[in-house]
Structure formats: structure tokens, C-alpha cells
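Whatever order the structure lists ligands and atoms in, that order sets their numbers, starting from 1. This chain uses plain numbering: 1 for the first residue, then up along the sequence. Remember, it's a predicted structure, so these values are computed and weren't measured experimentally.
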Amino acid sequence: MNALVANSRLEGFYKLSREERLKLIADLCNLTEEETNTLGNPGEVDLGTLEHMIENVVGFMPIPVGIATNFRINGKDYLIPMATEEPSVVAAASNAAKGAREMGGFKADATDPVMIGQIQLVGVKNPDAAMEKIAGKKGDLIAEGNSVDPLLVKLGGGMRDVLSRKIKTNSGEMVIVHILVDVRDAMGANAVNTMAEKLAPTLEKITGGKARLKILSNLAMHRLGRSSATWSKEFLGGEEVVDGIIEAYSFAAADIYRCATHNKGIMNGISSVALATGNDTRALEAGAHSFACLHGTYQPLTQWRKGEGGNLVGTIELPIAVGLIGGATKSHAVARTNLKIIGVESSTEFAMVLASVGLAQNLAAIRALAAEGIQKGHMRLHARNIAISAGAPPEIVDKVAEKMVAEGKIRMDRAQEIIEELKR
Ligand code: NAD
């Protein structure tokens, strides 16, 4: 049963102890004792499962999971688990979501979860005739593709279309076949790859060519998540900050160096949620960045403009290939628990949530940059990391960090001195 959270506006959540936060989330999301322990107690790590997830396993790498609060998307409240090593990501998302919430929250939508599989045909003598033949056999190809995944078809998914095109390459002309597959609630890589492999011999027969690669494309341009939201100019800090944000957006749209960082900020949010839920972060990153260059130049994945009353309106659109089933989403106990906390019912709802997280994350970053500069907030949170790296025991980490922030000296050498002073 997924969690349905009545209100994600958890005032003062950040001031609670970790144990208190976990208890509150467990209560709000109806987590069982086992799920709560899985998430909150490192001693509960299921090494047996981890050992079978990849090869040559020797251990595991704990990454903190934080809960982003305040998200309201299409009138529904969400608590959003984020796994990241980077300070300030969770706080920034929660804060931006609070501002969006004041103006009605995020309005999001998503396309059907249609993935692309590619079959590369080389040595095709007459590419145009071959492509015509493929088009003529579309019905048979779809039936053959679907035959390898009857469960997916039963669930309303399956192959939807077969398209082909010819490309000129350094190794000669090739015919590239795209199969479009509705993968329902899976990320879909295995589902699509299996279909592509099944169809390859048939495509060789039809075209007289040789099928080489049979693999999905991470540029999932038919599987888009979109979201939009408004932030009042008062929340952002006034008209000048709104203008600064729009100028920051113009900068990204005109300059690839800035745009890389603009889009990285968006993925700070999306990839953290993906990691927390056992999804493939690299697939999302590849999809996002290739989509950003779809029209020839690398562009921001968000757009910003001034709306009614001088408020700020943001929109985002990007490919979001995530699953609630398959991969590590169900086999990893923490991923399963985090999916329960997020409480989405389908991969399309998940895509809407992730698009909203990406938009919130971007707003938070460019607001900070346009208003006071990123380092003020970032270094405040980073101070804790410095304190830990300098060897501060857990009970004095906050004290060391606070002292460095108060002095404006957030540095390893100063942290070591403060630790010594406090120990004395
Ligand atoms: P999967 O094969 O484990 O699960 C998908 C299958 O589950 C479907 O084919 C279907 O038969 C079944 N299923 C049951 N209930 C379903 C439902 N409600 N909706 C959809 N399918 C349902 O997983 P997958 O999503 O096909 O593959 C994801 C994994 O593949 C990830 O771990 C990813 O890292 C990996 N991968 C990625 C790439 C890439 O991105 N380039 C390449 C290869 C593998």
C-alpha cells in the first residue's frame, strides 16, 4: 500500500532529531516496523541482497536519505526521499516547494511511458526499399515483439510502433529501426532490449542487412515529464530577484558553460530521488542532457518568465524513464520503503513528481545565485561536512559548524582548531 500523505507541510521538521523525523515519517506514511528499521538503522542492511545486485561485492556505501517536505503536485501532497552526498539539496528543494505551495503548488503532467529501442542494420543494399518493407510489416513486427512480454501486454503496455530511418556514418550508411514500447510502470530497459533482440533476425530477413546493436535509447523523448509552478515575488525577495532569475535563465540559454551547471542543478534533485528509489540515475542523466541538445544547441531544461503581478513562472520538460517495478526498485529494501513514502501509483505519476522536484531544485539554485550568491547557504551546510572531515565527533559537529559560520571561516584548519578548543 502506498502512502497518501494529507499534508507535506511539516513545519520545523528540520529542527527535529533524526530519530524524531524518522518516527514522524513512519507515522505519516504508515511504515511497518521493518520498513522503519530498514530505512533508519544501518545495522539492518541486507548484505545478502546487496551481494547479489552487482559483481565482486566487498561492502556497501551508505548515502544519507533526507525527506523533502512541502511538495503539493496537482493538489496532492508528497513527502520525497532524496539520497545524496551533497549538502543543501534537500533543504533547497523543500524551501522552493514551500514557495510554490503558497501559489497553489505544481501543475504537472506526463506522456505515456513509451521507450525507444534501437536496432542497427548494416550492409543493407537498398535502404529506401528496406525501410518501405519494414513499414509494410509493422503489424507482424509488433505482434512478434509483444510475444516476448505477455505480462507487459496484459498490463496495457507493449509495442506501439516501428519506425526506421537511414543515417550516414563513418562506417557507411545504416538503417536504424526504432521500436516504440509502452513499458507501463517499469523503467523498461530490459523489456525493450528483449524485444529488440527478438526482432533482429526478422529485420535481417526483411532487409537483407546484418543486425548489430539491439538496445534501448536513453534519449526517451516520447516519455516526458512536465511541471510548472509560480513563485510570488515577495517569497523570492522582490522584483529585482525575479529579474535576476530571468537574467540567469537567459545566461544559461545563451552559454553552454552556464547551461551545464543550470541543468546539473535540476538533476541534483531528480537523480537524488532516483537513487533513493533504486532507479537508474545514469539513464536519467543521459536522457536529460541529450534532450537538452535535441534541437542542435545545448539548452536549459527549464524556462522562466515573469507572470501576472510580476511573479515568477517556471516550467520544465524532460525525459523521465523511471520505474516502480524492475531493476533495484523492488529488490532493494530501502528503495522499496522510499517508494512507499513517495506514494506514487504509476510511473507517469512518478515522472510528474520528478519533474516538479527538478523545477524546485532549479528555482532554489538560481534564486540563491541571483539574490545572495550560492556560497552563503551552501557553505553553512557544507560547514558540517568540513567539521566531520576535520575529525569532529558527532556530538560536537553542529557546534564546530556553527562557530565556523559565525566567524565566517569555514575551513578545515579552523575546524581542527575549534575541535581542539572544545575538547580541552
Ligand atoms: P525488469 O525487466 O526487471 O522489469 C520489467 C518487466 O516487469 C516487464 O517487462 C514486465 O514483464 C514486468 N512487469 C510486471 N509488472 C509490471 C508493470 N506494472 N509495469 C511494467 N512491467 C511490469 O526491468 P526494466 O524496467 O525493463 O529494466 C530496468 C533495469 O535495466 C535497470 O536496472 C537499468 O539499470 C537496467 N538497464 C539499463 C540500460 C540503459 O539504461 N541503457 C541498459 C540495460 C539495462
Minimum-distance protein heavy atom relative to atom 16 (C) of ligand 1: Leu155 CD1, 3.2 Å
Please walk me through it: do Lys166 and Asp128 pass salt bridge (Lys or Arg N to Asp or Glu O under 4.0 Å)? CA-CA 8 Å; Lys166 51 183 182 176; Asp128 292 311; 3.1 Å; yes
Looking only at protein heavy atoms, what sits closest to atom 40 (O) of ligand 1 is Asn218 ND2, 2.9 Å
For Asp280, the atoms of ligand 1 under 4.0 Å from one of its heavy atoms are 33 (C), 34 (O), 37 (C), 40 (O)
Judged by modelled atom types alone, do Tyr249 and His262 share a side-chain donor-acceptor pair under 3.5 Å? no
Distance from atom 43 (C) of ligand 1 to nearest protein heavy atom, with residue and atom: Asn193 ND2, 3.6 Å
In the protein, which heavy atom is nearest to atom 12 (C) of ligand 1, and how far is it? Leu151 CD2, 3.8 Å
Main-chain N/O of Gly40 paired with Arg18 side-chain donor or acceptor, under 3.5 Å: yes
If we count only N and O atoms by modelled type, under 3.5 Å, do the side chains of His178 and Ser217 hold a donor and an acceptor together? no
Using a strict cut-off of less than 4.0 Å between a Lys/Arg side-chain nitrogen and an Asp/Glu carboxylate oxygen, indicate whether Glu144 and Lys205 qualify as a salt bridge. no
Give the numbers and elements of all ligand 1 atoms closer than 4.0 Å to a heavy atom of Val183. 19 (N), 20 (C)
Heavy-atom nearest neighbour in the protein, as seen from atom 24 (P) of ligand 1, with distance rounded to 0.1 Å: Gly188 N, 3.5 Å
Looking at non-hydrogen atoms alone, which of Leu152, Val148, Asp149 comes nearest to atom 9 (O) of ligand 1? Asp149
For atom 6 (C) of ligand 1, is some protein heavy-atom partner under 4.0 Å away? no
Just by distance, no angles: are the side chains of Ser227 and Ser356 close enough, under 3.5 Å, to form a donor-acceptor pair? yes
Without swapping roles, check the side chain of Asp185 against the backbone of Ser347 for a donor-acceptor pair under 3.5 Å. yes
Applying side chain to side chain donor-acceptor pair (under 3.5 Å), can you list everything that pairs with Asn193, at least two apart in sequence or on another chain? none
What do you reckon, is CD of Glu102 surrounded by more than 12 foreign heavy atoms closer than 6.0 Å? yes
Please say whether more than 12 non-hydrogen atoms of neighbouring residues, nucleotides or ligands are located less than 6.0 Å from CD in Glu19. yes
Just to be sure I read this right, does ligand 1 sit under 4.0 Å from the backbone of Asp185, its side chain, both, or neither, counting only heavy atoms? both
Starting from atom 39 (C) of ligand 1, which protein heavy atom do you reach first, and at what distance in Å? Leu216 CD2, 3.4 Å
Asn190 contact mode with ligand 1 (heavy-atom cut-off under 4.0 Å): both
Where ligand 1 meets Met187 - atom numbers and elements under 4.0 angstrom, heavy-atom basis: 25 (O), 28 (C), 40 (O)
Nearest non-hydrogen contact to atom 36 (N) of ligand 1 from the set Gly327, Ala283, Ala189 belongs to Ala189
Give the single entry among Ala191, Gly157, Gly326 that approaches atom 4 (O) of ligand 1 most closely by any heavy atom. Gly326
Given that the side chain starts at C-beta and the backbone is N, CA, C, O, which of these parts of Val192 lies under 4.0 Å from ligand 1, counting heavy atoms, or is it both or neither? neither
